There are 2 protein chains.
Amino acid sequence: MIISLELDSETPLYEQLRNQIVIGIAMGTLAEQERLPSVRQLAEDLGINTMTVNKTYALLKQEGYIVIDRRHGAKVAPRAAVGQEPTEQLTHQLQLIIAQAAIQGVDQSRFQTLCGQIFAKMAYQT
Amino acid sequence: MIISLELDSETPLYEQLRNQIVIGIAMGTLAEQERLPSVRQLAEDLGINTMTVNKTYALLKQEGYIVIDRRHGAKVAPRAAVGQEPTEQLTHQLQLIIAQAAIQGVDQSRFQTLCGQIFAKMAYQT
DNA sequence: TTTTATGTATTATATATACTAATACAAATA
DNA sequence: TATTTGTATTAGTATATATAATACATAAAA
C-alpha cells in the first residue's frame, strides 16, 4: 500500500497516516486480517519517527479499525456486521460537509451521485 | 442564533465557532446578507477572547462564507449559483467519511437516506 | 467635530499539541 | 539466546491555541 505524507500540511502526520489507512481498509487495499507493517518498518519507510506511527496505531486501535496482538503486530480488524446505524459522530461530520456543499452551490442530486461513485470504490462490503 | 462551545473539546474554539456558523448559514438560521454580531459582542456573549472570534471571522471570510465591510461589520455572503461541481477538498472529506461508514457497517442505501434527511434541513437552496 | 463602533494589528504570556530522539521493557517467536 | 513486536519513559524543540491589554484606521452617528 502506497502512503504519501505532506510534511507541510496543517494536518498532523499521525492523522494523515490514520486517514490513509482507513481509506485503504475501506477500498480493500488492506484486506481483512491483513497484517500492517511494524511501527519501526513503517516509520523508516516514511522517514518519520517511530512514536508518530505508534500514535497512529494506538488511535486506529482505539477506534476499532485494527487489532493489535503483541505476537503478530497490528492487523486489520474483522468486518463489522452490515446494516449498522450511523454513529452520531459520523452524522455530525456529514452534516457539516453537506452544509458546506449546499452553500457552495452543490445540489442534492449531484451530491448523491458523488456518494454513489465513492461507495462504488469501496470494496469493503462487497 | 444559539451557539454552544465545548471548552474541553479537542476541536479548537475558533473551529467550533466556524463550524456552527457554517451550519447556521446552510440551515437558514443566518439569512443571506444577515449581519453577524461584532467580534466584541460575540466574544462577550460566549465568554471567550476577542481575537478568537476575530480568527473565526477571518477564516470564514477567507473561505468565502462571509463578507466583511468595515462600515457594517460581517455579513453572510451572497448565495453562490446552484449547480456547482463539488470541490476536490469536499470530495476528499466525503471519501473519508464514506470509508469510515463502510467499515462501520453502514450500507450505501442507509447512507444515502441519511444524506437526504440532512439536505432536507438545509434551507439554503430552497 | 466629536463620539462611537467596526474589523484589524501588535506584543506578550501561558498552555497544549506535534514531532523527534534515545532508551528501555515485557511478551512471544525463531 | 537472539530477535521482533508494541509500548512506556524522558527529554527537547517547534508550533498552535487562547488570553490579555492596547492601539489603529475607517466610517457611521450624535
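Here the structure is a predicted model, which means the values were calculated and not measured. Naming convention: chains lettered A, B, ... in sequence-line order (proteins, then strands); numbering from 1 in each chain.
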For [X] and [N], what is the distance between atoms [atom1] and [atom2] respectively, to the nearest whole Å?
| X | N | atom1 | atom2 | result |
| --- | --- | --- | --- | --- |
| L42(A) | dT4(D) | CG | C1' | 16 Å |
| Y14(B) | dT19(D) | OH | P | 13 Å |
| D8(B) | dT17(C) | CG | P | 12 Å |
| E6(A) | dA18(C) | CD | C1' | 17 Å |
| L7(A) | dT15(D) | CG | P | 14 Å |
| N49(A) | dT9(D) | CG | P | 17 Å |
| L59(A) | dT7(D) | CG | C1' | 16 Å |
| K75(A) | dT5(D) | NZ | P | 14 Å |

(request) With sequence neighbours excluded, give me every salt bridge (Lys or Arg N to Asp or Glu O under 4.0 Å) pair touching residues 4-31 of chain A. (result)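 Those involving residues 4-31 of chain A are R18(A)-E63(A).
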(request) Can you measure from CG (D45(A)) to CD1 (I48(A)) and round to the nearest 0.5 angstrom? (result)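 Output value for this atom pair is 10.0 Å.
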(message) How long is the straight-line distance from CG of L17(A) back to CG of L60(A), given to the nearest 0.5 Å?
(response)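 CG of L17(A) is found 7.5 Å from CG of L60(A).
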(request) State, with a plain yes or no, whether a side-chain heavy atom of V39(B) is found less than 4.5 Å away from one of T56(B). (result)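 No. Closest side-chain heavy atoms not under 4.5 Å.
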Between protein and nucleotides 3-9 of chain C, what N or O pairs are separated by less than 3.5 Å?
unit_1 : atom_1 : unit_2 : atom_2 : d
dT6(C) : OP1    : S38(B) : OG     : 3.4
dG7(C) : OP2    : V39(B) : N      : 3.0
dG7(C) : N7     : R40(B) : NH1    : 3.1
dG7(C) : O6     : R40(B) : NH2    : 3.0
dG7(C) : N2     : R70(B) : NH1    : 3.2
dG7(C) : N3     : R70(B) : NH1    : 3.2
dT8(C) : OP1    : K61(B) : NZ     : 3.4
dT8(C) : OP2    : N54(B) : OD1    : 3.3

(message) Hydrogens and angles aside, do Y57(A) and Q62(A) bring a side-chain donor and acceptor to less than 3.5 Å of each other?
(response)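 Result is no, nothing qualifies.
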Please set out all donor-acceptor pairs under 3.5 angstrom arising from side-chain atoms of residues 110-120 of chain A, sequence neighbours excluded.
unit_1  : atom_1 : unit_2  : atom_2 : d
R110(A) : NE     : E85(B)  : OE1    : 3.3
R110(A) : NE     : E85(B)  : OE2    : 2.8
R110(A) : NH2    : E85(B)  : OE1    : 2.9
Q112(A) : NE2    : Q112(B) : O      : 3.4
T113(A) : OG1    : S109(A) : O      : 2.9

(request) Compare side-chain N and O positions of K55(B) against OP1 and OP2 of dT17(D) and report whether any pair is under 4.0 Å apart. (result)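 True: K55(B) side-chain N/O within range (under 4.0 Å) of dT17(D) OP1/OP2.
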